[in-house]
Participant: 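The structure follows.
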2 protein chains.
Amino acid sequence: MGRRRALEYDCAIRDVLDRIGDAWSVLVIMELSKGPCRFNALRRVIEAISQRMLSVTLRNLERDGLVSRQVLDTSPPQVEYSLTQRGASLHGAISHLAHWAETHQPGIRTSRAAYDAKEPIAS
Amino acid sequence: MGRRRALEYDCAIRDVLDRIGDAWSVLVIMELSKGPCRFNALRRVIEAISQRMLSVTLRNLERDGLVSRQVLDTSPPQVEYSLTQRGASLHGAISHLAHWAETHQPGIRTSRAAYDAKEPIAS
DNA sequence: CTGTATCCTCGTCGATACTG
DNA sequence: CAGTATCGACGAGGATACAG
């Protein structure tokens, strides 16, 4: 799955990062945390995602029991995705990290700018 | 910097995940949280990492002000890396996620096994 | 010891076309 | 509407060689 396993070192955290470290999983989780959503509705909200990646991302999340997939018996058939309890729990944990990120983002941006200023693109 | 930016959507959290979502940053932070460490010492601890990736990872962490680089005036010259306060703070946030991971890993493994059992490798 | 530069492989993802 | 299959392009990263 994805990139080569780093080590046995800290399996648990790596498992999670392998899942949410990718570009889209977090966005999907964030969106689903607002409530259930159908496939194409998600596509519209997360504009930049390709059909393939949304499909892959949802399947992986479902596989880990973070998202549940409910086929609605309508015509044409619709599929509704929603966070499971575990998914909601992960959303909470992510929020914690997101809070850290928001708190420290200004400082990080400053650090980056300072660093880049000293190492001028090295052409 | 890795992959294409997803969206403006949730910049802060994406910034962090772009940094720690990769295979090595978390391991480096974990290791440095135990105390300062030199380049090759890190290499030995994180066996699977290539020289190049350790270098790249450390530089990125330094750029974000998460790790500080201290050149020791010895012969031959040595370089000691350590977590900054911000880095230590991030380590705390990661630990929170790691705790979630450890708590839920058994359930996730179970879910995966159940899922995979239903979708037999499709060869 | 602590890196950087180059090359090359291999996985990842977007585009496209097609199915239920 | 909700996907899957195939293909091709791109880029991350390992190996290696070299530099300070």
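Naming: A, B, ... by sequence-line order, numbering from 1 per chain.
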Participant: Closest-nucleotide mapping onto DNA chain C: is A:Pro77 or A:Ile49 further toward the 5' terminus? I mean the 5' end.
Facilitator: A:Ile49

Participant: Using whole Å, report how far CZ of B:Arg44 lies from P of C:dT2.
Facilitator: 8 Å

Participant: To the nearest angstrom, how far is B:Gln51 atom CD from D:dG14 atom P?
Facilitator: 12 Å

Participant: On the nucleotide D:dT4, are OP1 or OP2 found under 4.0 Å from the side-chain N or O atoms that A:Arg52 carries?
Facilitator: no

Participant: Can you check the A:Ile46 CD1 to D:dA2 P distance for me, whole Å?
Facilitator: 14 Å

Participant: Roughly, in whole Å, what's the span from CD in A:Gln70 to P in D:dA2?
Facilitator: 13 Å

Participant: Do the side chain of A:Arg19 and the main chain of A:Asp64 share a donor and acceptor less than 3.5 angstrom apart?
Facilitator: no

Participant: Provide, to the nearest angstrom, the distance between the CE atom belonging to A:Met53 and the C1' atom belonging to C:dT16.
Facilitator: 17 Å

Participant: Whole Å only: how far is the CG atom of A:Asp73 from the C1' atom of D:dA2?
Facilitator: 15 Å

Participant: Tell me whether the OP1 or OP2 atom of C:dC13 has a side-chain N or O from A:Ser50 closer than 4.0 Å.
Facilitator: no

Participant: Are A:Arg43 and D:dG3 close enough that a side-chain N or O sits under 4.0 Å from OP1 or OP2?
Facilitator: no

Participant: Without swapping roles, check the side chain of A:Arg14 against the backbone of B:Ala23 for a donor-acceptor pair under 3.5 Å.
Facilitator: yes

Participant: Identify which one of A:Asn60, A:Thr57, A:Thr84, A:Leu32 satisfies the side chain to side chain contact (heavy atoms under 4.5 Å, CB included) criterion when paired with A:Val67.
Facilitator: A:Leu32

Participant: Which heavy-atom pair separates B:Tyr115 from A:Arg59 by the least distance, and what is that distance?
Facilitator: OH-CG, 2.9 Å

Participant: In whole angstrom, what separates B:Leu42's CG from C:dT2's P?
Facilitator: 9 Å

Participant: Please state whether the phosphate of D:dG3, meaning OP1 or OP2, lies under 4.0 angstrom from any side-chain nitrogen or oxygen of A:Tyr81.
Facilitator: yes

Participant: Looking at the side chain of B:Asn40, which of D:dT4, C:dT2, D:dA2 is the nearest nucleotide?
Facilitator: C:dT2

Participant: Can you name the one residue among A:Leu97, A:Leu66, A:Ile94 that meets side chain to side chain contact (heavy atoms under 4.5 Å, CB included) with A:Ile20?
Facilitator: A:Ile94

Participant: Rounded to whole Å, please give me the gap between CZ in A:Arg69 and C1' in D:dC1.
Facilitator: 12 Å

Participant: For D:dG3 and A:Arg59 - does any side-chain N or O of the residue sit under 4.0 Å from the phosphate oxygens OP1/OP2?
Facilitator: no

Participant: Could you check which of C:dC13, D:dA2, D:dG14 has an atom nearest any side-chain atom of A:Gln78?
Facilitator: D:dA2

